[in-house]
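Taking it in order: structure first as structure tokens, then the write-up.
Please read these numbers as outputs of a predicted model, since none were measured by experiment. Below, all heavy atoms of this structure are taken into account, side chains as well, without hydrogens, waters or symmetry copies. By convention here, the first residue in the shown sequence is residue 1.
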Amino acid sequence: MAYKVFITPVAEEELDRFISYLINEKMSARAAGNVLNDFEETVRCLTIVAGSLKLCEQPKLKKLGYRRMNFLAHDYFMLYRIEEDTVIVDAIFHALQDYENKLK
């Protein structure tokens, strides 16, 4: 099954913050471009594999139906849920963030 992927405005803002940090703080447009390319490739993969990934193990996230998809080549990941044939990406985090307590 091929899923449609919807990136919520909140997730888009989070991705924009990471990209802005790489450009403005780390002074690396190349790194920012690489992360964006990785994001796009990860979304393409998500259209195929979304339903096969297991629910998050943390009880609160599991109850909300969240699954996790790691970026293919960088230390970022998406938390998403599935509604019918649509994947809804609600959040994007860096691997070092305390993401479990940020979602309600």
Side-chain angles (χ1 to χ4, degrees):
M1 169 186 227
Y3 293 92
K4 293 178 271 182
V5 177
F6 174 73
I7 311 297
T8 65
V10 170
E12 287 180 3
E13 288 174 17
E14 291 165 344
L15 180 63
D16 288 345
R17 268 198 320 275
F18 294 129
I19 299 305
S20 178
Y21 172 79
L22 291 170
I23 292 171
N24 298 316
E25 300 296 323
K26 293 296 185 179
M27 303 295 189
S28 182
R30 182 176 182 181
N34 289 340
V35 169
L36 276 175
N37 290 338
D38 191 15
F39 165 77
E40 291 169 1
E41 185 60 28
T42 303
V43 168
R44 277 192 286 280
C45 288
L46 196 57
T47 66
I48 300 165
V49 303
S52 67
L53 299 178
K54 67 180 185 170
L55 291 168
C56 291
E57 292 183 14
Q58 203 267 359
K60 181 171 82 172
L61 298 178
K62 186 175 189 173
K63 183 178 179 183
L64 294 170
Y66 280 110
R67 301 167 193 247
R68 175 179 171 155
M69 174 75 174
N70 294 330
F71 279 34
L72 301 174
H74 292 87
D75 290 332
Y76 298 92
F77 64 91
M78 303 173 200
L79 285 182
Y80 69 93
R81 54 197 161 85
I82 299 172
E83 291 184 5
E84 297 176 15
D85 66 343
T86 303
V87 171
I88 301 166
V89 177
D90 285 318
I92 299 173
F93 294 102
H94 187 275
L96 298 177
Q97 286 182 274
D98 178 19
Y99 70 95
E100 291 176 339
N101 292 313
K102 288 193 174 196
L103 291 174
K104 297 181 179 179

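In this structure, Glu57 places its CD atom where only 12 or fewer heavy-atom neighbours from other residues, nucleotides or ligands lie under 6.0 Å away.
Residues Lys4 and Asp85 are in side-chain contact: their nearest non-hydrogen atoms beyond the backbone lie under 4.5 Å apart. For the pair Val35 and Ile19, the minimum side-chain heavy-atom distance is below 4.5 Å. Here the side chains of Tyr99 and Leu61 are in contact, with some heavy-atom distance below 4.5 Å. Annotation: side chain of Leu46 is not in contact with side chain of Thr42 (no heavy-atom distance under 4.5 Å). Side-chain contact between Val49 and Met69 is present, with at least one heavy-atom pair separated by less than 4.5 Å.
For the ring-ring contact (aromatic ring centres under 6.0 Å, His included) test, residues two or more places apart in sequence or in another chain that qualify with Phe18 are Tyr76.
When atom types are taken as modelled, the side chain of Arg68 and the backbone of Cys56 share no donor-acceptor pair closer than 3.5 angstrom. Using modelled atom types, one side-chain atom of Tyr80 and one backbone atom of Ala50 make a donor-acceptor pair closer than 3.5 Å. Checked by atom type and distance alone, the side chain of Thr8 pairs as donor or acceptor with a backbone atom of Val89 at under 3.5 Å.
Relative ring orientation between Phe39 and Phe71 is described as tilted, the plane-to-plane angle lying within the 30° to 60° band.
Looking at every heavy atom in both residues, Tyr66 comes nearest to Arg81 through OH-NE, 4.1 Å.
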